[in-house]
Colleague: 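Quick one: structure below, then a few questions.
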Amino acid sequence: MSCLVSSTCSLVPFDSSLTRSNRSSKLGSSVSWQSSFPNLSIGFGPVISSPIVKKESFVQAAWTRRSRGELAKRPNRKSWKQRTDMYMRPFLLNVFFSRKFIHAKVMHRPTSKVISVATTNARDIRTNIPSLVDNEACRLIGKLIAERSKEADVYAVSYEPRKGERIEGKLGIVIDTIKEHGIVFVP
């Protein structure tokens, strides 16, 4: 037997022959939750006084924002390492090579503030060295980064190579020069 709940919380038998307009006029101002769940039918067992809900009625989850599977996956949640890595290794070395110059900087990751910068495109360096991109320029950039980081009381730096990037060639020269001048690299 199907039923409706009226606004006065009394059980009113549901007559399927009535339309919504007839139902509202016949029952007065009752609000039926039957219209919200069209596939839901509630039956009363012979001994049990609580309503028995059929399983197929809860296949549609229109009232939830996300399905339960999406909530369990949590696609936007970062891992523990992603959340704590910036505090474990706060100072990050960033080196950029172009055809015309070399640019390196040390950043504080949690606040995104730049601690030290060195580039071969600066006026004082550009006029003093013959080439802006050779190995000597890489050594000069490494030395300047190390000195400027020490002035800012930064003695440990980490470097994260990009995907597929090897620490060799000009990048290796910059990192080795920074190590030679007293900066420790944290893995």
Side-chain angles (χ1 to χ4, degrees), residues 33 36-40 53 55-187:
W33 50 270
S36 300
F37 304 101
N39 297 331
L40 181 67
V53 179
K55 287 185 179 179
E56 67 269 6
S57 63
F58 284 100
V59 172
Q60 297 174 351
W63 58 88
T64 59
R65 186 170 175 190
R66 289 186 183 177
S67 66
R68 290 186 182 99
E70 284 183 76
L71 285 176
K73 290 178 191 173
R74 293 187 182 184
N76 298 331
R77 177 110 188 232
K78 292 183 179 179
S79 68
W80 176 255
K81 184 177 182 197
Q82 288 172 329
R83 286 182 279 156
T84 59
D85 191 43
M86 73 168 61
Y87 300 104
M88 297 297 188
R89 303 183 303 162
F91 298 103
L92 183 69
L93 174 68
N94 185 358
V95 183
F96 175 73
F97 298 96
S98 76
R99 285 191 231 159
K100 295 182 179 180
F101 65 92
I102 302 167
H103 179 79
K105 63 183 171 183
V106 175
M107 291 184 62
H108 187 247
R109 290 168 73 184
T111 60
S112 298
K113 292 195 177 185
V114 178
I115 305 300
S116 62
V117 177
T119 180
T120 55
N121 205 17
R123 286 185 189 158
D124 55 342
I125 298 173
R126 196 175 9 176
T127 57
N128 294 336
I129 57 176
S131 174
L132 301 178
V133 292
D134 65 347
N135 294 346
E136 287 302 317
C138 293
R139 287 186 188 88
L140 180 64
I141 292 297
K143 178 183 169 193
L144 288 173
I145 284 288
E147 289 173 358
R148 294 174 183 176
S149 295
K150 284 181 184 177
E151 288 174 7
D153 291 330
V154 175
Y155 295 96
V157 173
S158 64
Y159 179 76
E160 292 180 1
R162 294 183 184 95
K163 186 177 180 181
E165 185 179 40
R166 295 180 183 168
I167 300 176
E168 60 186 15
K170 292 180 181 178
L171 178 63
I173 292 172
V174 171
I175 290 176
D176 289 340
T177 308
I178 292 172
K179 286 179 184 176
E180 288 170 6
H181 286 86
I183 301 292
V184 177
F185 273 83
V186 181

Colleague: Suppose we screen for salt bridge (charged side-chain N to carboxylate O under 4.0 Å, His left out). Which residues come up paired with Arg162, at least two apart in sequence or across chains?
Modeller: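 Here the qualifying residues are Glu165.
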
Colleague: Any side-chain hydrogen bond (donor to acceptor under 3.5 Å, both in side chains) pairs touching residues 113-137, not counting sequence neighbours?
Modeller: Ser116-Ser149, Glu136-Arg139

Colleague: Checking side chain to side chain contact (heavy atoms under 4.5 Å, CB included) for the pair Leu132/Lys100: CA distance, chi angles, key distance, verdict?
Modeller: CA-CA 7 Å; Leu132 301 178; Lys100 295 182 179 180; 5.8 Å; no

Colleague: Please, which pairs that meet ring pair (Phe, Tyr, Trp, His ring centres under 6.0 Å) have at least one residue in residues 139-165, sequence neighbours excluded?
Modeller: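 The answer is none; no pair qualifies.
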
Colleague: Sequence neighbours excluded, which residues qualify as salt bridge (charged side-chain N to carboxylate O under 4.0 Å, His left out) partners of Asp85?
Modeller: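 Asp85 satisfies salt bridge (charged side-chain N to carboxylate O under 4.0 Å, His left out) with Arg89, Arg109 once adjacent residues are dropped.
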
Colleague: Could you grab the distance from atom OG1 of Thr111 to atom CE of Met86, nearest 0.5 Å is fine?
Modeller: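 With rounding to 0.5 Å, OG1 (Thr111) is 10.0 Å from CE (Met86).
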
Colleague: Which heavy atom of Ile173 sits nearest to which heavy atom of Cys138, and what is that distance?
Modeller: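 That would be CG2-CB, 3.7 Å.
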
Colleague: Please name the pair of heavy atoms, one in Val133 and one in Arg99, separated by the smallest distance, quoted to 0.1 Å.
Modeller: CG1-O, 3.4 Å

Colleague: Can you confirm whether Ile178 sits close enough to Leu93 that some side-chain heavy atom of one is under 4.5 Å from a side-chain heavy atom of the other?
Modeller: yes

Colleague: Looking at Ser158 and Val186, what are the two nearest heavy atoms and their distance?
Modeller: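 Taking every non-hydrogen atom into account, CB-O, 3.4 Å.
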
Colleague: Is there any side-chain hydrogen bond (donor to acceptor under 3.5 Å, both in side chains) pair reaching into residues 169-187, and which pairs are they, with sequence neighbours excluded?
Modeller: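 Listed once each, the pairs would be none.
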
Colleague: Which residue pairs satisfy the ring pair (Phe, Tyr, Trp, His ring centres under 6.0 Å) criterion with at least one member in residues 91-127, sequence neighbours excluded?
Modeller: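 As it turns out, the ring pair (Phe, Tyr, Trp, His ring centres under 6.0 Å) pairs with a partner in residues 91-127, which skip direct neighbours, are Phe91-His108.
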
Colleague: Could you pull out all residues at least two apart from Ala104 that satisfy side-chain contact (heavy atoms from CB on, under 4.5 Å)?
Modeller: Val95, Ile141, Ile145

Colleague: Can you name the side-chain contact (heavy atoms from CB on, under 4.5 Å) partners of Arg83, sequence neighbours left out?
Modeller: Arg77, Lys78, Trp80

Colleague: Quick check for you: to the nearest 0.5 Å, what is the distance between Ile115 atom CD1 and Glu151 atom CD?
Modeller: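 Between atom CD1 of Ile115 and atom CD of Glu151 there are 12.5 Å.
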
Colleague: Quick one: CD1 on Ile175 to CG on Leu171, what's the gap to the nearest 0.5 Å?
Modeller: 4.0 Å

